[in-house]
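Below, chains carry the letters A, B, ... as their sequence lines are ordered, and counting in each starts from 1.
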Protein chains: 2
Amino acid sequence: MGRVNISDIAKKAGVSKTAVSFAYNNPERLSQATVGHILKIAEELGYTPNPVARTLTTGHTGTIGVLVPQPIPEIIRNPFMPKFLEGIGEVCTKEGLSLMIVPPLKGSMRRAIENAAVDGFITLGLEEYKATMLVLRQRGVPFVTVDSDPIEGAPSINIDDESGARAAMRHVLAAGHREIAILAIRSGVQAHIEEYHGTLRYRMNGYLAALEEYHLTLDRRRISLLECVSTEKGGQFGFREIWKKKRHPSAIVAMSDIIAIGVMEAALNAGVKIPEELSIVGFDDIPLAKLVNPPLTTVAQPLTEKGKLAAELLLKTIAGNAVPTHHILPISLVIRKSVGVIERRA
Amino acid sequence: MGRVNISDIAKKAGVSKTAVSFAYNNPERLSQATVGHILKIAEELGYTPNPVARTLTTGHTGTIGVLVPQPIPEIIRNPFMPKFLEGIGEVCTKEGLSLMIVPPLKGSMRRAIENAAVDGFITLGLEEYKATMLVLRQRGVPFVTVDSDPIEGAPSINIDDESGARAAMRHVLAAGHREIAILAIRSGVQAHIEEYHGTLRYRMNGYLAALEEYHLTLDRRRISLLECVSTEKGGQFGFREIWKKKRHPSAIVAMSDIIAIGVMEAALNAGVKIPEELSIVGFDDIPLAKLVNPPLTTVAQPLTEKGKLAAELLLKTIAGNAVPTHHILPISLVIRKSVGVIERRA
DNA sequence: TTGTAAGCGTTATCAA
DNA sequence: TTGATAACGCTTACAA
């Protein structure tokens, strides 16, 4: 820590602490000479105002926190993090803010929230969001939620998962597929879809809605459901499980791109051609999606915009002039080459 | 900001502030009953200790800063950021730290440094590193430099750019190429290589060293040099410039993968086959490198390890028990498919 | 234009 | 096992 403090400078310069403070924050209130003198002394002694002390009195830190439910390495590996942070970053740049990534502290969200010196939080896809938001409330710092069920009193941003999922499933159905496996992100409730919540629930609802339009439903025979972790390995596992059965679906609808890509790899290894023998559609439109072979048909969400909006809403909330608003951002189906058409026998 | 403070709790609970503080930080020094009582009151009033005030007295923030020379969006777009942050994140997770990304504040590194409430900085590829490090010194916060010329008194981490570049160029030369264009990252000194410094200089030195082994040198005819910005567009521009001339090189050696990939795109558009008609080698081994077609031969650096080492060194420095050490991390040539062999006529 | 003094909300020291 | 009180380093009314 920098040894020398404002009093040292004041003493050395033969002025008051106030004068020193002014030299930095309100130079126009001092004569040019004084300012120059003070700054020179400060320079000599290598003085820099302590930002923590300053924050204690001013009440703001100049940084906003992104509260994430997993350790930093996992968060960073998340393929849609970059674009999201880019959006937040745009606002930070404009407003001269720093960005703090706040993961659970020794496993505890509560501790993380209590210790972070930030002017506000953007929470991302919280899991135990109710408990966490209670802590957030208690901490008294403004926050905006992203990707969790909206909560009263705080702005929220979500994407239209249901429409996205419906569009994806519709696309597959419209291509003629009637034997479909849904690969869901592991829920913790073991494929009891009635207990799904959050993103999982909305996406599942979307799938089911599209199926219903075609008078189909989860019947474990033609339309089946399997959960796997949202990783490449998870997708590979999913494919293998599905392919074990004697009857193979003609299409797999995956709840995340990374699962879909895992499926594609496993299919490649098994000699199953995509999209000729197996169609697949993902969700998220991660950067990899357009690069795999064949390019993956998937659902895209406006990630950068999401981050930007989150940051903007947060700043408004911090400024105090905001009625909490709830936003649902539109998604779009990105049709590439991973879904093939099946000729329906009349 | 949370309204209620430690005094409110103390008053309401009928104890001193000290007791309240202990209830949180040294519960073992209080009777169980008192602790329980205090915590209950705190819970009722929704009290949470103010982290800023705490930091002011304890002297540590529990967060480390990554000081970057560009606005956050640009930094995030940098394709080797994720792995680097992952490495830092590993350490953060283990130690229970948060991570702050500290970009220039309204264009000023000085302001950024002065305002960031962190226990230490990891500086990344600073440009005006001398001035910046002076400020860092003045601020009195420990720091570790990554990708800039080592400075006395602070640990540093660099990669062996020179060896990496030499390996890349050697590979091209060994494949028989003798007409080579070097695509350098724009320097600001307009291809006056004697004024290059930092990464740029080391990589260039490596290229030149390899050329020398083959009795070649920058002669603008067989071996040429061109600068471009380190983006896809920069690479596309580079290719076009090079292809304008009547005599085309058989290989392009690019100082970054993203430039190389830009070249590949432009070559594809121009109908130039890689590696049959043009070989190319990059630098960095970004995730995209293995995904492009053909996969890009390039130089890889241990990014995660770099981040991890940086964080570890920083923590040691913060702890005070560290002799500043300077590290040069090894690189490795990753041979893929973008360099073709030329038959040398005897 | 400059100075005095009262916070900001903790933790740390020392005493009881 | 608890409490008074002094830091921590700054900003900001208010005064001069």
Colleague: Give the nucleotide from the list C:dG3, C:dG9, D:dT2 with an atom nearest to the side chain of B:I6.
Modeller: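 Closest nucleotide among those given: C:dG9.
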
Colleague: Could you tell me whether the side chain of A:K17 has a donor or acceptor atom within less than 3.5 Å of a complementary atom in the base of C:dT4?
Modeller: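 In this structure, the two groups form no donor-acceptor pair.
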
Colleague: Compare the minimum distances between each of D:dT2, C:dT10, D:dT11 and the side chain of B:N5, then state the nucleotide with the smallest one.
Modeller: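 Per side-chain heavy atoms of B:N5, the pick is C:dT10.
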
Colleague: If I take atom CD in residue A:E28 and atom P in nucleotide D:dT12, what distance separates them, rounded to the nearest angstrom?
Modeller: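 The answer, rounded to whole Å, is 12 Å.
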
Colleague: Sub-3.5 Å donor-acceptor pair from the side chain of B:H326 to the main-chain atoms of B:P150, do we have one?
Modeller: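 No; judged by distance alone, with no hydrogens or angles, the pair does not exist.
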
Colleague: Could you please name the option among D:dT12, D:dC10, C:dT10 that lies closest to any side-chain atom of A:T58?
Modeller: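 Minimum distance to the A:T58 side chain belongs to D:dT12.
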
Colleague: Ignoring the backbone of B:F22, work out which of D:dG9, C:dG3, D:dT2 is nearest its side chain.
Modeller: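 Looking only at side-chain atoms, B:F22 lies closest to D:dT2.
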
Colleague: With distance as the sole test, does B:N26 use its side chain to make a donor-acceptor pair with the main-chain N or O of B:R29 at under 3.5 Å?
Modeller: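 Looks like no, no N/O pair under 3.5 Å.
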
Colleague: Checking all strands, does A:R29 fall into the base, sugar-phosphate, or nothing category for heavy-atom contacts under 4.0 angstrom?
Modeller: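 Answer is base: heavy atoms of A:R29 come under 4.0 Å of a base.
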
Colleague: Let's see if you can work this out: which of C:dT2, C:dG3, C:dT11 has an atom nearest to the side-chain heavy atoms of A:T34?
Modeller: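 Of the candidates, C:dT2 comes closest.
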
Colleague: Can you measure B:N50 atom CG to D:dC8 atom P for me and round it to whole angstrom units?
Modeller: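 Computing the B:N50:CG to D:dC8:P distance gives 19 Å.
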
Colleague: Under a 3.5 Å threshold, yes or no: a donor from one side chain and an acceptor from the other, between A:R77 and A:Q70?
Modeller: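 Absent: no donor and acceptor within the cut-off.
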
Colleague: Backbone N or O of B:P51 within a donor-acceptor pair of the B:T55 side chain at under 3.5 Å?
Modeller: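 Side chain of B:T55 to backbone of B:P51, a donor-acceptor pair under 3.5 Å: yes, one is there.
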
Colleague: What does A:T55 touch in the nucleic acid at a heavy-atom separation under 4.0 angstrom: a base, only the sugar-phosphate, or nothing?
Modeller: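 Counting heavy atoms under 4.0 Å across all strands, no contact is made by A:T55.
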
Colleague: Measure the distance from OH on B:Y24 to P on C:dG9 and round it to the nearest whole Å.
Modeller: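 Taking OH of B:Y24 and P of C:dG9, I get 15 Å after rounding.
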
Colleague: Enter the distance from B:M133:CE to B:E152:CD here, rounded to the nearest 0.5 Å.
Modeller: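 It is 12.5 Å, given to the nearest 0.5 Å.
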
Colleague: If you check the B:T57 side chain, which of D:dT11, D:dC14, D:dC8 turns out closest?
Modeller: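 Minimum distance to the B:T57 side chain belongs to D:dC8.
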
Colleague: Quick one: B:N25 CG to C:dT10 C1', roughly how many Å, whole number?
Modeller: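 Spelled out: CG on B:N25 to C1' on C:dT10 is 9 Å.
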
Colleague: Tell me: CG of A:D8 to P of D:dG9, nearest whole Å?
Modeller: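 Computing the A:D8:CG to D:dG9:P distance gives 9 Å.
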
Colleague: Once you apply a heavy-atom cut-off of 4.0 Å, does B:Y47 come out as touching a base, just sugar-phosphate, or nothing?
Modeller: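 Sugar-phosphate contact only.
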
Colleague: Between P on C:dT11 and CD1 on B:I9, what's the gap in Å once rounded to a whole number?
Modeller: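 These atoms are roughly 13 Å apart.
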
Colleague: For A:T34 and A:S31, does a side-chain donor sit closer than 3.5 Å to a side-chain acceptor?
Modeller: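 Indeed, the side chains of A:T34 and A:S31 share at least one donor-acceptor pair under 3.5 Å.
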
Colleague: The side chain of A:T18 is closest to which nucleotide in this list: D:dA4, C:dT4, D:dG9?
Modeller: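 Taking heavy atoms from C-beta onward, the closest nucleotide is C:dT4.
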
Colleague: Where the side chain of B:L56 is concerned, which of C:dA5, D:dG3, D:dC8 is the nearest nucleotide?
Modeller: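 In terms of side-chain proximity for B:L56, the closest of C:dA5, D:dG3, D:dC8 is D:dC8.
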
Colleague: Send over the distance from A:R54 CZ to C:dG9 C1', rounded to a whole Å.
Modeller: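 For the pair A:R54 CZ and C:dG9 C1', the rounded distance is 19 Å.
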
Colleague: Of the nucleotides D:dC10, D:dT2, C:dG9, which has the atom closest to the A:A53 side chain?
Modeller: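 Minimum distance to the A:A53 side chain belongs to D:dC10.
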
Colleague: Starting from P on D:dG3, measure out to CG on B:L30 and report it in whole angstrom.
Modeller: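 Atom CG in B:L30 sits about 8 Å away from atom P in D:dG3.
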
Colleague: Mind checking if B:V15 touches a base, just sugar-phosphate, or nothing, with heavy atoms under 4.0 Å?
Modeller: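 Sugar-phosphate, backbone atoms only, no base.
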
